[in-house]
Amino acid sequence: MSRPQPLSGFPELLPRQRIVEQQVVDHLRRAFELHGFAGVQTRAVESMDQLLRKGETSKEVYVLRRLQAEADSGEAGLGLHFDLTVPFARYVLENAGKLQFPFRRYQIQPCWRGERPQEGRFREFWQADIDIVDRDDLPAHYEVEIPLVIADALRGLPLPPVRMHVNNRKLSQGFYQGVGIGNTEEALRIIDKLDKIGAEAVAKLLIDQLDATTEQADACLKLAAISSTDTSFVDEVKALGVSDPLLEEGLAELAAVVEAAATEAPGLVVADMKIARGLDYYTGTVYETVMEGYESLGSVCSGGRYDTLASDGKNTYPGVGLSIGISRILVPLLQSGKLTATREVPTCVLVALADEDGRSEANALAQRLRSRGVATQVSPSAAKYGKQIKFADKRGIPFVLFPGDELQMKDIRSGEQVPVDLDSWEPPTEDLHPRIVSA
RNA sequence: GUGGUCGUAGCUCAGCCGGUAGAGCGCUUGGUUGUGGUCCAGGAGGUCGCGGGUUCAAGCCCCGUCGAUCACCCCA
């Protein structure tokens, strides 16, 4: 068979699926802009040292190579970006003099990682990222605002409900140092495995790798077990009897996030003390989001606060951000048929053709509709009307316009056909553009 | 990157102990001489993912490869 096969991890959508993706992107973009975020695009490519700057986190980076390059040419190594946060940090430093701070931006672009693909996990995928960065100091209220923007953006999309698990690294690390554990970063990484390997294995790791006592490990696990949809977690943590200034700070910041979310986006956020995040540049609030019924996909929207990701030595630009995994969310829903579009073309009206001589007249009719924003195309041939209707039906085009002395518009779903005044006719709002529908 | 499972028509799948392929849906033509969807009758479409091997004979067995998926890893 000479038919080309797909490339592993590089999903391509059919027109009907792409319509869904486009509308999701449009919706997110509108929502971000309503919150005052400016759009930014960065190049696909970053220098390797930039990409690996923050990373012992051995990300699988796709490296760029020129075909004609000399084997030993000392070219600056280039690679495709694996997220939008690292390029953005670079962008902020590069343009710091031209940006106004605090700077809020959204960025919706593909990312690449050379990992082994799985369901919801690809080598090329789209992320929608929002961040707010400031110079030197970033007020904590932005850690409250960012998840609310995401909640607002996700609202109105026909997706399964999501729940955002939130923690604060100050809280966890403060707690760990409060109980006397030295390497709090490593403790976080170990706690992060809790869901996967279980409490006993985590305790063993804490004891073996960090020389924690049984009591210390036990305290860490007790902390990790705490979660609540309101601020009651604060008392639960305090009841563990650990005191530490950093812990207090983290508790207050997390309480602020949870409290605001509980009123502005009820049901969205849950404080969850076992959320740690593997990435090491997070310094405050951290977020992970799961989609109901699709927990196996992992987090579909993650992020957090980073104080030192962008720093040129003189100035630091602390920020907080969240990335929506557009491909991770959409591709599984599209492939399983849970999500689709009302049609596979933008066309709202098909102008039927009685005979080929009528084509220029039909073109003129189509243009009158287009001038008022109604997507219209003319029938490909003057086949029997039954065939022309079928042409529209197969694509999901809702209306067929019949030419003649009296113009008639047929809604091919209901079969209803009525005379129309073309210069005043408009389709029902829900038919003007394709819509996303969940099955 | 490591390991497991799977790969037959556009789609979903059947195919016995190896004997050179079948169904449903879809597509197409006609019944229906400009109005589709239902119904009826016909038709087209497969080098069995690809390459090699074993065999008189391979969709079926073996090896490799590509793709899908799962676990590890990591994360959107």
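Every value quoted in this text rests on a predicted model; they were computed, and no experiment measured them. Letters A, B, ... mirror the listed sequences (proteins, then strands); counts begin at 1.
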Base, sugar-phosphate or nothing for A/Arg123? Non-hydrogen atoms, less than 4.0 Å. nothing
Can you list every ring pair (Phe, Tyr, Trp, His ring centres under 6.0 Å) pair that touches residues 21-47 of chain A, not counting sequence neighbours? A/Phe32-A/Tyr106
Where the side chain of A/Arg116 is defined as all heavy atoms beyond and including C-beta, which of B/G3, B/U29, B/A76 is the nearest nucleotide? B/G3
Aromatic rings A/Phe101 and A/Phe103: how do their planes relate, parallel, tilted or perpendicular, breaks at 30° and 60°? perpendicular
Range-with-range stems for RNA chain B, at least three Watson-Crick or G-U pairs under 3.5 Å: B:1-7 with B:66-72, B:10-13 with B:22-25, B:27-31 with B:39-43, B:49-53 with B:61-65
Test of understanding: with salt bridge (charged side-chain N to carboxylate O under 4.0 Å, His left out), list the residues that count as partners of A/Asp152, not counting sequence neighbours. A/Arg155
Hey, can you pull the donor-acceptor pairs under 3.5 Å for the side chains in residues 328-335 of chain A, sequence neighbours left out?
unit_1   : atom_1 : unit_2   : atom_2 : d
A/Arg328 : NE     : A/Gly120 : O      : 2.8
A/Arg328 : NH1    : A/Leu297 : O      : 3.3
A/Arg328 : NH1    : A/Ser299 : O      : 3.0

With sequence neighbours left out, what residues match A/Arg104 under salt bridge (charged side-chain N to carboxylate O under 4.0 Å, His left out)? A/Glu145
Any ion pair linking A/Arg105 and A/Asp129 (charged N to carboxylate O, less than 4.0 Å)? yes
Under 3.5 Å, side-chain donor or acceptor atoms of residues 395-406 of chain A against the rest of the protein: list the pairs with distances, not counting sequence neighbours.
unit_1   : atom_1 : unit_2   : atom_2 : d
A/Arg395 : NH1    : A/Phe391 : O      : 2.9
A/Glu406 : OE1    : A/Gln408 : NE2    : 2.8

Output all residues satisfying salt bridge (charged side-chain N to carboxylate O under 4.0 Å, His left out) with A/Glu119, sequence neighbours left out; order by chain, then residue number. none
For B/G10 and B/A71, measure between their P atoms and round to the nearest Å. 31 Å
Could you tell me which residues satisfy side chain to side chain donor-acceptor pair (under 3.5 Å) with A/Thr429, sequence neighbours excluded, listed by chain and number? none
With a cut-off of less than 4.0 Å, is there a side-chain N or O of A/Ser302 near OP1 or OP2 of B/A76? yes
Return the residues of residues 393-405 of chain A meeting this criterion: a heavy atom under 4.0 Å from some atom of RNA chain B. Order them by number, or give none. A/Asp393, A/Lys394, A/Phe402
Base, sugar-phosphate, or nothing: which does A/Gly298 touch, judged by heavy atoms less than 4.0 Å apart? nothing
Any side-chain hydrogen bond (donor to acceptor under 3.5 Å, both in side chains) pairs touching residues 344-362 of chain A, not counting sequence neighbours? A/Arg16-A/Glu344, A/Thr347-A/Gln377, A/Glu356-A/Arg359
According to the 5.5 Å centroid and 30° plane-angle thresholds, does A/Phe125 stack upon the nucleobase of B/A76? yes
If you look at every strand shown and take non-hydrogen atoms under 4.0 Å, does A/Lys410 touch a base, only sugar-phosphate, or nothing? base
What distance, rounded to whole Å, do you find between the two P atoms, one in B/U29 and one in B/C70? 40 Å
Applying side chain to side chain contact (heavy atoms under 4.5 Å, CB included), can you list everything that pairs with A/Lys204, at least two apart in sequence or on another chain? A/Asp208
What are the atom names and distances for every N/O pair under 3.5 Å that joins the protein to nucleotides 41-45 of chain B?
none

